[in-house]
Amino acid sequence: MSEFEVVIGLEVHVQLATSSKIFCSCPVEPEAPPNTNICPICCGYPGTLPVLNKKALELAIRIALALNCKINKKIYFERKNYFYPDLPKNYQISQYRLPLAEEGFLPLENKKIRIRRVHLEEDAGKLIHKENYSLVDFNRCGIPLLEIVSYPDINSPQEAFQYLNELKRVIQYIEASSCDMEKGTLRCDANISLRKKGEKELGTKVELKNMNTFKGVKEALEYEVERQKRILQESKKVVQETRLWDEKKRKTFVMRKKEEAHDYRYFPEPDLVDFVISEEMIEREKEFIGELPYLRRERFKKSYSLSEKEIEILISQKRLADFFEESLKFFPQEKKIANWIIGPFLELVYRLEKGFDEVKISPENFAKIVEYFSQGKLNNLGAKKVLSLALTTDEDIDKIIEKEGLGQVSQEEELIKFIDEVIEENPKPVSDYKQGKKTALQFLIGQVMRKTRGKANPKIVSSLLERRLE
Amino acid sequence: MKKIFQLKATEILKKIEENDLKKEEVYHHFKERIEKIDPLIKSFIEVYDYYPTSKGVPVAIKDNICIQGRKITCASKILSSHVAVYDATVIRKIKKEGLLILGTTNMDEFAFGSSCENSCYYPTKNPWNLEKVPGGSSGGSAAAVAARLVPFSLGSDTGGSIRQPASFCGVVGFKPTYGRVSRFGLVAFGSSLDQIGPITTNFTDCAYLLNIICGFDEFDSTSANIEVPDFMKALIEDVKGIRIGLPYEYFQEGLNEEVKEAVMKVAKTLEKKGAKILDITLPHSRYAIATYYIIACSEASSNLQRFDGVRYGLQIKEKEMLELYRQTRKEGFGIEAKRRIFLGTYSLSTGYYEDYYLKALKVRTLIRKDFEKAFSSVDVILTPTSPTSAFGLGEKIKDPLSMYLSDIYTVSVNLAGIPAVSFPCGFTSNDLPIGAQLIGKPFDEATLIKVGYTYERLCKDFFERIPEIAK
């Protein structure tokens, strides 16, 4: 490995989280039955015209700002002309000579990956190939996409993986896209080349397509690093081409050679006017950005004594990190709050059909549960039960405890009543214990716990029992 | 008493409203005229059956404007089976007004041409002389109105396609400012140039139809959100103090003497009524035809890509996708459409883009500035509409360049995006109509109506004369 340097640039497409398509009012629901979310406009019927969905432009600006890009003040669209059955007009409305934004960066742990350009375009339809014919579904046609092109600043498959995760986190934070690669709301192509260490010139690049997960991107790049390295070590030349990743065979295969490149005959889209991006628009979008995940990570590291792993989980979702910090205001013990979020809370959330969307519990009530647990007012089981009941209802915690009778029985008198009963009902274990068989105590504790229906604090039961049996 | 076809559309409307005429009677009157006269002219592609409407005044529509549930062919084989699934914005407005859509009119395929000979159906003939072309591309719409087969019609104008046929057929053809009328539902030729407009026998009907079709449309991003005045209020006889410019470049070599004389006479007539005639110059005019054909064909080559046989229209079944595209387009497009696709594809290609398309855009700006400058000293510009009166059928079809030159006085207006109207201003020695063109400032259609109306009142005969076969 050491003799070569790996150079990777990524081209990412994210589907913007708008409710309607970019140039018509069809709903964005690509999963709906084929060709149900279509209209004459997105199907390119004669005489139809595009009208830009303002929300798409706003989300695009928001992402560009989050990626520290320079926004071009006046933008326009161009037509990318090519014939393909999934493209009803046989041209794609895209941006070419002047993208929405340029020259940004995304910081990773130890370095910044520069962003070359960010541009807005419409998605094409989907082809479904059958044995000797093909079908086309236009539901996806006209869904707003943002293309994010990085500079070739990435130097390993692992770094590419980190870049994608960070990019996803940033875009999810600002609620501009769901960035779900498996659902196709994020797609990634990679350019990769190798060069001798110290070499200035870039090597011959290969474009990789058809990766369906971040892990797939990493594996395809790893495969390609090895393949190109072998070629170069044999003093052969890497061929400039597009290769497809085959997930099952775990190999890349040639798709097309460079010479088949299209002439897209780009020219300004005459059906759309120039758009001036005002300062007000930029300011408005800035307000949606807030603290980005990488900045939040740094702050968490400085402000809280939590492990890196814990921080990573907490910042993975904006609302999780928000929930953590809000809860902390009501019970300022970060370790305990973090434990309860990463443990029981997330466990319950993952089991909900709609996940976090269903969560209603307020940080205040959540903090109360953690606090009661730390004070011994609730035991572990009880606290989990209360949490599970309040999670999607945000019912008053004290009321739940009362209703469910979950308050820990720590009143000695009450406990002693139960302990005496147990001692009376279990003469054999009692005598076993007295003869030095310490395990018998555990049995007796269990019996007491059963009588209190789990509400007692086992530690207190244990010490009371011991005293009683002395 | 005048027969129905001798009446203006607005007069028919009034008679219907006053119960002097029945809507069905009006429809059948024109339907019968079409049955009798149109076999000679062939201006219609389809004539619809009667259906009830609130106003009942018939209007014909160029066959490149979508009418829901009706065939829209653009006179092209590639679309000949296509039925529109929605109404164009102008059609929606016409239906709301309650006019009766009588049928669709013939045109050059996809509006490519100046003679109406490039139709996949048949060439339309000039009602004044059946050996002559009606002009194009809205030749059917102009010929039908000239022959009084319909009181008025809609055409589309990309480089003169309303005005040149209006001039050849002796009627009024108005191209509004780019952005004044929604293009939604107009099958695109040159998207940055196309504009829908009325073809009528007089300025009153022109103002009436403009009132209906103009206005901002949220479905067309290029439509202008500017208030539309009531054009009926511009129907006043008053040109006192109006400054009329005569551009030097429009009266040079290539202009037929009879046409020149007739247009100069318009200037004199208006001058007598108090208008001021001024000489002006539009120095970049000589680049207009080249600039226009590069821009229009570039846009057209891209606009026509959607006609591929996959979703609608003609499909030649082939095993391979690429062959399906090739064979469908080979069969479906006529020769002029193919020529323009080639021209446009070439000028947008890598390596040629800068020399052709980009340069054309720059010249377009210069042409626009010529007009801006001219309009700092004049209110309207008067020119011939076309260098000649109607030419012979078959005369120019083999020589595209000479055909293109028949639009030499009209294309600049589209490049500049400004309004212009062609109106009848006399007849040649062999009884063919001559058209004059008035060009106005952006969104100042009203002044064109006012000047045109004043002229119409003074020279009624040019407007009211009806071709022999239509009497």
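First the proteins, then the strands, lettered A, B, ... as listed; each starts at 1. As the structure is a prediction and not an experimental result, all values here were calculated from the model.
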> Considering only heavy atoms, which portion of Phe307(B) lies under 4.5 Å from any heavy atom of chain A: side chain, backbone, both, or neither?
Replying inline: side chain
> Does any non-hydrogen side-chain atom of His119(A) lie less than 4.5 Å from one of Asn72(A)?
Replying inline: no
> In terms of heavy-atom proximity below 4.5 Å to chain B, should Phe138(A) be classed as side chain, backbone, both, or neither?
Replying inline: side chain
> Would you say Asp271(A)'s side chain and Ser191(B)'s backbone share a donor-acceptor pair under 3.5 angstrom?
Replying inline: no
> Within 45° of the axis and under 6.0 Å from the centre of the six-membered ring of Tyr357(B), does NZ or CZ of Arg79(A) qualify?
Replying inline: no
> Any idea which of Thr222(B), Val310(B), Leu193(B) has the most non-hydrogen atom pairs under 4.5 angstrom with chain A?
Replying inline: Thr222(B)
>> Need one label for Asn303(B): side chain, backbone, both or neither, based on atoms under 4.5 Å from any heavy atom in chain A.
In response: both
>> Counting C-beta onward and ignoring hydrogens, is there a side-chain heavy-atom pair between Leu366(B) and Lys362(B) closer than 4.5 Å?
In response: no
>> As a quick check of understanding, evaluate side-chain hydrogen bond (donor to acceptor under 3.5 Å, both in side chains) for Lys62(B) and Ser138(B), giving each step before the final call.
In response: CA-CA 7 Å; Lys62(B) 188 178 181 180; Ser138(B) 313; 2.9 Å; yes
>> I need the residue from Leu272(A), Thr48(A), Val273(A) with the largest number of non-hydrogen atom pairs under 4.5 Å to chain B.
In response: Thr48(A)
> Which of the residues Cys74(B), Ala188(B), Ser302(B) is involved in the greatest number of heavy-atom pairs with chain A at under 4.5 angstrom?
Replying inline: Ser302(B)
> Are Lys89(A) and Tyr91(A) in a cation-pi contact, defined as NZ or CZ under 6.0 Å from the six-membered ring centre and within 45° of the axis?
Replying inline: yes
> What part of Ser301(B) gets closer than 4.5 Å to chain A, counting heavy atoms only: side chain, backbone, both or neither?
Replying inline: side chain
>> Between Tyr312(B) and chain A, with a heavy-atom cut-off of 4.5 Å, which part of the residue counts as in contact: side chain, backbone, both or neither?
In response: side chain
>> Let's test your reading of the structure: which of Pro85(A), Pro268(A), Pro88(A) forms the most heavy-atom pairs below 4.5 Å with chain B?
In response: Pro88(A)
>> Which one wins on heavy-atom pair count under 4.5 Å against chain A: Gly313(B), Ser347(B), Gly185(B), Gly351(B)?
In response: Gly185(B)
>> Strictly distance-based, threshold 3.5 Å: is any side-chain N or O of Glu336(B) a donor or acceptor partner for the main-chain N or O of Phe112(B)?
In response: no
